[in-house]
Amino acid sequence: MSKRPTLRVFDEPAIREAVTDAIALKSAQRAFLALGRGEALVPPPLGVDLEQAGGEIHVKGAYLHGSPIFAFKVATGFYGNTARGLPSGSGLVLVFDAATGFPLGLLADNGYLTDLRTAAAGALATSWLAPHRPLVVAVLGAGIQARLQLRLISRVRSISEIRVWSPRPESRDACAAELVDTLRVPATSRPTPMAAVADADLVVTVTPSRQPLVTANMLRPGVTVIALGSDGPDKRELASSVLERADKIVTDLTDQCLRLGELHHAVEPGVLSPEQVHAELGEIQAGVRPGREGDEMIVCDLTGVGAQDAAIAEAAWDLLT
């Protein structure tokens, strides 16, 4: 009988050293290209809320056609952790042999790969959907994802100004100061979502909000809105009026967004129909549908797709083994 493969374990420092921003962007392109070509097997995600702890658990994964591996990740968000001096997010990724089904490795990344692939998706959406000029960017949220979004977006587009809002003044002030230091771009803290998004070219939302933060009347014509926080049926950052006003609505995976995303909150009450979705991001990446075509208001609903996790896990596995 053949010997089973030995499970290999890689820790967070090794994974961080191997998987760079450039690798993350390349893996996002691969993931969405596979989705756009119908070359990914992506099961529905599993989500669990632990209300007593203020925590959430997400299980996502996929197999990309032709890959020697498939991967599944468990990511957690426990938002009371900050009061304990701990990061709010954590997790791990399991890598399996696609030929035998045997587990090959455990990537003990503490949520790093999830954070990075999420930021890469936002940057990829920006590259296809944002106006082609130096961007005034508003970010709602001041945690690690806000910082990563701006870092990766700066790799695909020029940023002229950053505006940061979050509910806690000390958090938004610290985030803005850090972005000035790291990106060398003017960044300011704003007291309200309206003050942040007014006249912005690009609005990025990365909060765990359960109530709309942005309404249509706050936004300039031609804006691009990339909403990343709504990855569960009760989460919501955009009022339905934002999607209703949009010239184009783009999703990462429409079926998933109809259950979890901003689209869900607009379709359920009948404000929109699923047929009004312009494209999935993968269709734009694959050249099946156009991205920005002029002075359009575009809303991109990103709920996080298992294909992204599989692609970045494979990239990490290849680099580490």
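Residue numbers count from 1 along this sequence.
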Co-membership, hydrophobic cluster, residues V136 and V156, 4.5 Å side-chain
no
Of all heavy-atom pairs linking A316 and V19, the shortest is CB-CG2, 3.6 Å
Note to self: Before you tell me yes or no, could you show the steps for E39 and L33 under side chain to side chain contact (heavy atoms under 4.5 Å, CB included), namely the whole-Å CA-CA distance, both residues' side-chain angles and the distance that decides it to 0.1 Å?
What the structure shows: CA-CA 8 Å; E39 297 175 351; L33 189 60; over 6 Å; no
Classify the ring geometry of F96 against F70: parallel below 30°, tilted from 30° to 60°, perpendicular beyond 60°. parallel
Rounded to the nearest 0.5 angstrom, the SG-CZ distance for C175 and R168 is 12.0 Å
Q.
Quick one about Q211 and S209 (side-chain donor to acceptor, distance below 3.5 Å, no hydrogens or angles considered), yes or no?
A. no
Would you say the side-chain atoms of E283 pair up with the backbone N or O of E280, donor to acceptor, closer than 3.5 Å? yes
(message) What I want to check is whether the side chains of T114 and K73 have a donor and an acceptor closer together than 3.5 Å.
(response) yes
Pair T224-R292, side-chain hydrogen bond (donor to acceptor under 3.5 Å, both in side chains): steps then yes or no: CA-CA 9 Å; T224 301; R292 176 169 288 274; 2.8 Å; yes
Rounding to 0.5 Å, atoms CG (L116) and CG (L152) come to a distance of 6.0 Å
Review point. With a 4.5 Å limit on heavy-atom distance, are the side chains of V137 and Q149 in contact?
Key: no
Worksheet entry | Polar side-chain atom of T303 near backbone of L260 as donor-acceptor pair, under 3.5 Å | no
Does I159 share a hydrophobic cluster with L140, counting links as ILVMFWY side-chain heavy atoms below 4.5 Å and allowing steps through other members?
no
Exercise for review: Answer yes or no: does atom CZ of R133 have more than 12 heavy-atom neighbours from other residues, nucleotides or ligands under 6.0 Å?
Suggested key: yes
Distance col, row Q145:CD vs T118:OG1, nearest 0.5 angstrom, shows 5.0 Å
Taken to the nearest 0.5 Å, the spacing of L179 CG from S189 OG works out to 11.0 Å
Would you kindly confirm whether V48 and V74 end up in one hydrophobic cluster when ILVMFWY residues are joined by side chain heavy atoms under 4.5 Å apart? yes
In terms of heavy-atom contacts, I226 and A125 come closest through CD1-CB, 3.8 Å
Requested in this report: Using modelled atom types only, decide if a donor and an acceptor are shared between the side chain of S88 and the backbone of F78 within a distance under 3.5 Å.
Outcome: no
Fill in: Pairing of K235 and E56 as salt bridge, 4.0 angstrom limit
yes
Answer yes when E314 and R30 have at least one side-chain N-carboxylate O distance shorter than 4.0 Å, and no when they do not.
yes
What one should report as the nearest heavy-atom pair of W165 and L213 is CZ3-CD1, 4.0 Å
Practice problem: Check for a donor-acceptor pair, side chain of Q285 on one end and backbone N or O of G36 on the other, with a separation under 3.5 Å. | Solution: no
In this structure, CD1 of I15 is separated from CG of D109 (nearest 0.5 Å) by 5.0 Å
Closest non-hydrogen atoms of L238 and P212, given as atom of the first, atom of the second and distance, are C-CB, 3.8 Å
Check your understanding: Are the side chains of E262 and R236 in touch, meaning some heavy atoms are under 4.5 Å apart?
Key -> yes
Strictly distance-based, threshold 3.5 Å: is any side-chain N or O of K60 a donor or acceptor partner for the main-chain N or O of G304? yes
Item to complete: Look only at the side chain of Y63 and the backbone of G66, and say whether a donor-acceptor pair between them is shorter than 3.5 Å.
Response: yes
Check: Any side-chain heavy atom of V225 within less than 4.5 Å of one from V223?
Finding: yes
Residues V93 and A313: closest non-hydrogen pair is CG1-CB, 3.8 Å
side-chain hydrogen bond (donor to acceptor under 3.5 Å, both in side chains) assessment of H132 paired with R157:
CA-CA 8 Å; H132 288 273; R157 284 297 173 83; 3.2 Å; yes
Check the pair C257, D252 against side chain to side chain contact (heavy atoms under 4.5 Å, CB included), reporting the backbone distance first and the verdict last.
CA-CA 8 Å; C257 291; D252 51 9; 3.4 Å; yes
- Message: Could you see if L258 belongs to whatever hydrophobic cluster contains V250? Use Ile, Leu, Val, Met, Phe, Trp, Tyr and a side-chain cutoff under 4.5 Å.
- Response: no
> Below 4.5 Å, heavy atoms only, C-beta onward: do Y112 and L107 meet side chain to side chain?
Replying inline: no
Q. Please walk me through it: do I298 and H278 pass side chain to side chain contact (heavy atoms under 4.5 Å, CB included)?
A. CA-CA 10 Å; I298 301 177; H278 166 70; over 6 Å; no
Would you tell me whether S166 and R172 have side-chain atoms, one donor and one acceptor, within less than 3.5 Å of each other?
-> no
Contact between L124 and L281 at the side-chain level, heavy atoms closer than 4.5 Å - yes or no? yes
Item to complete: Using a 4.5 Å cut-off on heavy atoms from C-beta on, say whether the side chain of R259 contacts that of P44.
Response: yes
Between R210 and P208, is there a donor-acceptor pair closer than 3.5 Å when you use the side chain of the first and the backbone of the second? yes
Report task. May I ask you to test the L150-L183 pair for a side-chain heavy-atom distance under 4.5 Å? Result -> yes
Rounded to the nearest 0.5 angstrom, the SG-CD1 distance for C300 and I284 is 7.5 Å
* Asked: Can you check whether E293's main-chain N or O pairs, donor with acceptor, with E296's side chain at less than 3.5 Å?
  -> yes
- Message: The test is side chain to side chain contact (heavy atoms under 4.5 Å, CB included); show your working for V139 and V203 and say whether it passes.
- Response: CA-CA 6 Å; V139 60; V203 174; over 6 Å; no
Side chains of T251 and D301: do they bring a donor and an acceptor to under 3.5 Å? no
**Message:** I'd like to know if I144 and Y79 are part of one continuous hydrophobic network [Ile/Leu/Val/Met/Phe/Trp/Tyr, side-chain heavy atoms within less than 4.5 Å].
**Reply:** no
Does V305 offer a backbone N or O that forms a donor-acceptor pair with the side chain of Q308 under 3.5 Å? yes
Using only heavy-atom distances, determine whether the side chains of T20 and R16 contain a donor-acceptor pair under 3.5 Å.
no
*asked:* Just so I know, are the side chains of F10 and R8 near enough to count as touching, which here means a heavy-atom distance under 4.5 Å?
replied: yes
Heavy atoms from other residues, nucleotides or ligands near CD of E170 exceed 12 (cutoff 6.0 Å): yes
In short, H265 meets S240 closest at the heavy-atom pair O-OG, 3.3 Å
Is the backbone of T188 close enough, under 3.5 Å, to the side chain of E161 for a donor and an acceptor to pair up by distance? no
